[in-house]
Amino acid sequence: MPELPEVEAARRALSPVMDGARFTAVLARRPDLRIPFPRDFISRLVGETVRAVERRGKYLLATLSSGETLIMHLGMSGSIRVTPGSSEAAAGPHDHVVFQMSSGATITFNDPRRFGFMTLIERHARHATLSRLGLEPLGTDFDAAALARACRGKKTSLKVALLDQRVVAGLGNIYASEALHRAHLSPRRKASTIASRAGAPRDSALRLTRAIKKVLNEAIARRANSNDRFRVYDREGARCRARGCTGMITRIVQAGRSTFFCPVCQR
DNA sequence: AACAAGACCTGCATGC
DNA sequence: TGCATGCAGGTCTTGT
């Protein structure tokens, strides 16, 4: 499920019950998530106070008073439940981690496919993937010039480049397709074509940055991922929703993943 | 170095 | 009904 908007929604749910709160109990019910828990995961958490819950791309980061950071990733099917009061009895299938906080809340991490994980690190820079994440699409330094720079010289398709977390952090398979449609750019274009030879942003880069922000902000504002709101994702064979366009949404496979686009209005 | 393909794991929809 | 197949919103590793 989770791309940046869903992760941001999780952050906003966690922040009020975690910020300034202490871990009073930690339950790791199933040890074999994508990354195994570090040794002493529980003892390093219990008693610690959360300074803040932040998000970087699709990663949730809870900084602790000890200086360590709790990293949470929802993978493909992960979700986080926040319930008031102690509700250990409610732990169900695929509830892998349960936090009891001094704020009174119970936080439950559920993940059927177990592509998600939780771990503890001493410093952000120490985490290989985290330290290599690309532009934060809702951050202040995300603009056409930065995106063009990140795509310069890239021979992959635009869609595959947008999926690469080292280019833009947080876009996933749905919103990469949605942003490209909104920008009227073909997912098959070479990524480097949004920059001039010298690396300056073309008009397409400007349209794409605006489209990415718009698509993500709208999704955050509306919270739920209801399919009928998508312009292209999972709409193969349906009519293009772009103003004045009579095209039909097409599905292709790029880097092993479905891409949906309109071949008429996306060039 | 950059890219494609396969791997990880479970659940759901489809078709026979 | 049962069973097989293919697909899913993410990343990591392996091989070219």
[X] has an atom [atom1]; how far is it from atom [atom2] of [N], in whole Å?
X	N	atom1	atom2	answer
A:Gln254	C:dA8	CD	P	13 Å
A:His127	C:dC12	NE2	C1'	11 Å
A:Lys159	B:dC3	NZ	P	15 Å
A:Leu163	C:dC12	CG	P	13 Å
A:Asp234	B:dC12	CG	P	17 Å
A:His73	B:dC9	NE2	P	17 Å
A:Phe117	B:dT10	CZ	C1'	19 Å
A:Glu236	C:dC7	CD	C1'	13 Å

Classify A:Gly172 by what it touches in the nucleic acid, base, sugar-phosphate, or nothing, heavy-atom distance under 4.0 Å. sugar-phosphate

Under 4.0 angstrom, heavy atoms only, what part of the nucleic acid is A:Tyr59 near: base, sugar-phosphate, or nothing? sugar-phosphate

Do any side-chain nitrogens or oxygens of [X] fall under 4.0 Å of OP1 or OP2 in [N]?
X	N	answer
A:Gln165	C:dG10	no
A:Ser258	C:dA8	yes
A:His94	B:dC9	no
A:Arg114	B:dC8	no
A:Ser77	B:dG11	no
A:Lys154	B:dA2	no
A:Lys155	B:dC3	no

Is the aromatic ring of A:Phe115 within stacking range of B:dC8, meaning centres under 5.5 angstrom and planes under 30 degrees? yes

Assess whether salt bridge (charged side-chain N to carboxylate O under 4.0 Å, His left out) is satisfied between A:Arg114 and A:Asp32, documenting all intermediate values. CA-CA 8 Å; A:Arg114 284 185 284 127; A:Asp32 53 341; 3.1 Å; yes

Per [X] side chain, nearest of listed nucleotides [options]:
X	options	result
A:Met76	B:dC3, B:dT10, C:dA8	C:dA8
A:Arg113	C:dA8, C:dG10, B:dC3	C:dA8
A:Arg30	B:dC3, B:dT10, C:dG10	B:dT10
A:Arg34	C:dT11, B:dC9, B:dC3	C:dT11

So, does [X] use its side chain to make a donor-acceptor pair with the main chain of [Y] at under 3.5 Å?
X	Y	result
A:Arg235	A:Arg239	yes
A:Lys213	A:Phe142	yes
A:Gln266	A:Val264	no
A:Thr24	A:Gln100	yes

Which pair of non-hydrogen atoms, one from A:Leu74 and one from A:Pro2, has the smallest distance, and what is that distance? CB-CG, 3.4 Å

Say we look at C:dT14 and B:dC9: how far apart would their P atoms be, to the nearest angstrom? 15 Å

For B:dA5 versus C:dC7, give the span between their P atoms, rounded off to a whole number of Å. 15 Å

Taking the inter-plane angle between the rings of A:Phe260 and A:Tyr233 on a 0 to 90° scale, is it parallel (under 30°), tilted (30 to 60°) or perpendicular (over 60°)? perpendicular

For DNA chain C, what are the stems built from at least three Watson-Crick or G-U pairs in a row, each pair having both distances below 3.5 Å? B:2-8 with C:10-16, B:10-16 with C:2-8

Report yes if some heavy atom in the side chain of A:Thr49 is under 4.5 Å from a heavy atom in the side chain of A:Arg22; otherwise report no. yes

For the pair A:Glu136 and A:Arg55, find out whether any cationic side-chain nitrogen is under 4.0 Å from an anionic carboxylate oxygen. yes

